[in-house]
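Taking it in order: structure first as structure tokens, then the write-up.
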Amino acid sequence: MDVDEILTGLYSEQGRQNPYPWYAALHGHGPISTVPARAEHRTITAVAAGYDLVDQVLRDPEWYKQAPPGWQEQEILRTFNSSMMFVNPPDHTRMRSVFAKTFTPRRLGALEPVIVRVVDTLLDRMAEAGADGAETDFVADFAYLVPALVMAEFIGLPESDLAWYRQRVDWIDEFLDVAGKTPQRLALANQAAEELRAYYRDLIAHRRARPGEDLISGLVEAVDAGDVALTEEELISNLIVLFNASFVTTVYMFSNGLPLLLAHPDVVAALPGDDALARGCVDEVLRLASPVHFLARAAPRDTELGGVPVRRDENVLLMIAGANRDPARFPDPDRFDPRRDGPPSLAFGVGPHFCLGAAVSRLEGRLALPRLLARFPRLTVTRTPTYSGSLFLRGIDKLFVSTGG
């Protein structure tokens, strides 16, 4: 297959359900390939799936994120482009420095008992729901709630608001997909951004009147005192994007990972009590089933990348999920091996835009998965998993399981 056929297959329904054969075909063309000139590819000049090359571009601060045309006219794009995840230095550096101070080893240590408490509470609920052999939806009852409840407590969101919040997150995620730029999805994403901005304004006003120990209270105090270079509107944009990014990827880490683990009974049996194995399982799940499948970066000048010419301001599509299965860096790349040696996965990115919440997500996986499988050693999947259908954020949205009584 040529690159055009591969990309067409990747964007198809079949490709969305299982993109990995298409990534393997892309590797057959080398680490980077020129993208054929077509209307749907007008913003992309090349596609890269080689691990070393993707890693190189992500680490280079000169390769930048390009704002879409007309972004000032859409609420969702204005929110994105006033947050650290979507802007470039120096604004990115300024914003990130504020939030980086909150993701400290001390705060991570303080989150451990919170994660354990949340996980054990949810396991009790799953045990009760499955006591008579009934199915339970692992995503709704565990994978979603673990990161949502942990981040809600960390940031300072009331648990009662999470169901309302999740719907707005879903609207934003649907818009982010390569097929998401429809008028209907744009309208829902704009609505979500408007409603979330209003929600955070009210929450900030409440924290000003009654501060607590949560992240929002601390940041509001710092903004009001002039201690940080961040406006209130930038604070709101970053809270929206941070909460969305921090738990959606973790949901898919759990839901994508469970079938992988259950397919290896020896790992399931050994996991409880083996912290090194737990860390390896989290890393391997993130490599094999990356929640984020691609990113894009624009060239700072006319250049060559892996022998492919890229002109200034042209974009290269960086296939994160493909790079994580690069056979040049991961022997037998489709095999699940939690004791695998090799480079780290690119699931959380690298370089200036490395995911701030990566340590929290890994900690949740390392603590939750052994407790889940120790509590339910006979856990089984009872139906075919339902995938999101998105190629950007790819994961299992419904996963029915039996706890084994």
Evaluate whether atom CD of E159 has more than 12 neighbouring non-hydrogen atoms of other residues, nucleotides or ligands under 6.0 angstrom away.
no

Taking the basic N atoms (NZ, or NE/NH1/NH2) and the acidic carboxylate oxygens, is any pair closer than 4.0 Å for D120 and R371?
yes

Heavy-atom nearest pair, C281 first then V267, reads SG-CG1, 3.5 Å

Does the side chain of V228 come within less than 4.5 Å of L219's, by heavy atoms?
no

Are T250 and S361 close enough that a side-chain donor and a side-chain acceptor fall under 3.5 Å?
yes

Students often mix this up, so state it plainly: with edges at 30° and 60°, are the rings of Y144 and F247 parallel, tilted or perpendicular?
perpendicular

SB check R279 D275 (cutoff 4.0 Å)
yes

Would you say the side chains of S237 and R197 form a donor-acceptor pair under 3.5 Å?
yes

D341 atom CG, neighbour heavy-atom count above 12 within 6.0 Å
no

Would F80 and W71 count as a close aromatic pair, with their ring centres under 6.0 Å?
no

Over 60° means perpendicular and under 30° means parallel, so tell me whether Y23 and H293 are parallel, tilted or perpendicular.
tilted

Crowding at NZ, K398 (>12 non-hydrogen neighbours, <6.0 Å)
no

List in chain and number order the residues that pass salt bridge (charged side-chain N to carboxylate O under 4.0 Å, His left out) with D332, two or more places apart in sequence or in another chain; answer none if no residue qualifies.
R335

Does one side chain, of Y165 or N244, offer a donor that lies under 3.5 Å from an acceptor on the other?
no

Please report the shortest heavy-atom distance between G156 and I216, naming the atom on each side.
O-CD1, 4.5 Å

For residues V292 and F348, determine if any side-chain heavy atom of one lies less than 4.5 Å from a side-chain heavy atom of the other.
no

Non-hydrogen side-chain atoms of Q56 and W63 separated by less than 4.5 Å:
no

Using side-chain heavy atoms (C-beta onward) and a distance below 4.5 Å, is R168 in contact with Y199?
no

Give the minimum heavy-atom separation between R325 and L288, together with the two atoms involved.
NH2-O, 2.6 Å

Would you find more than 12 non-hydrogen atoms of other residues, nucleotides or ligands less than 6.0 Å from E233 atom CD?
yes

Only one of D137, T136, V119 clears side chain to side chain contact (heavy atoms under 4.5 Å, CB included) with F142; which?
V119

Count the heavy atoms of every other residue, nucleotide or ligand shown that sit under 6.0 Å from CD of Q184, and state whether that count exceeds 12.
no

Are the charged groups of R362 and D283 less than 4.0 angstrom apart, N to O?
yes

Nearest heavy-atom approach of N81 to P68 is ND2-CD, 4.3 Å

Of the non-hydrogen atoms in H353 and V87, which two are nearest, and what is the gap between them?
CE1-O, 3.1 Å

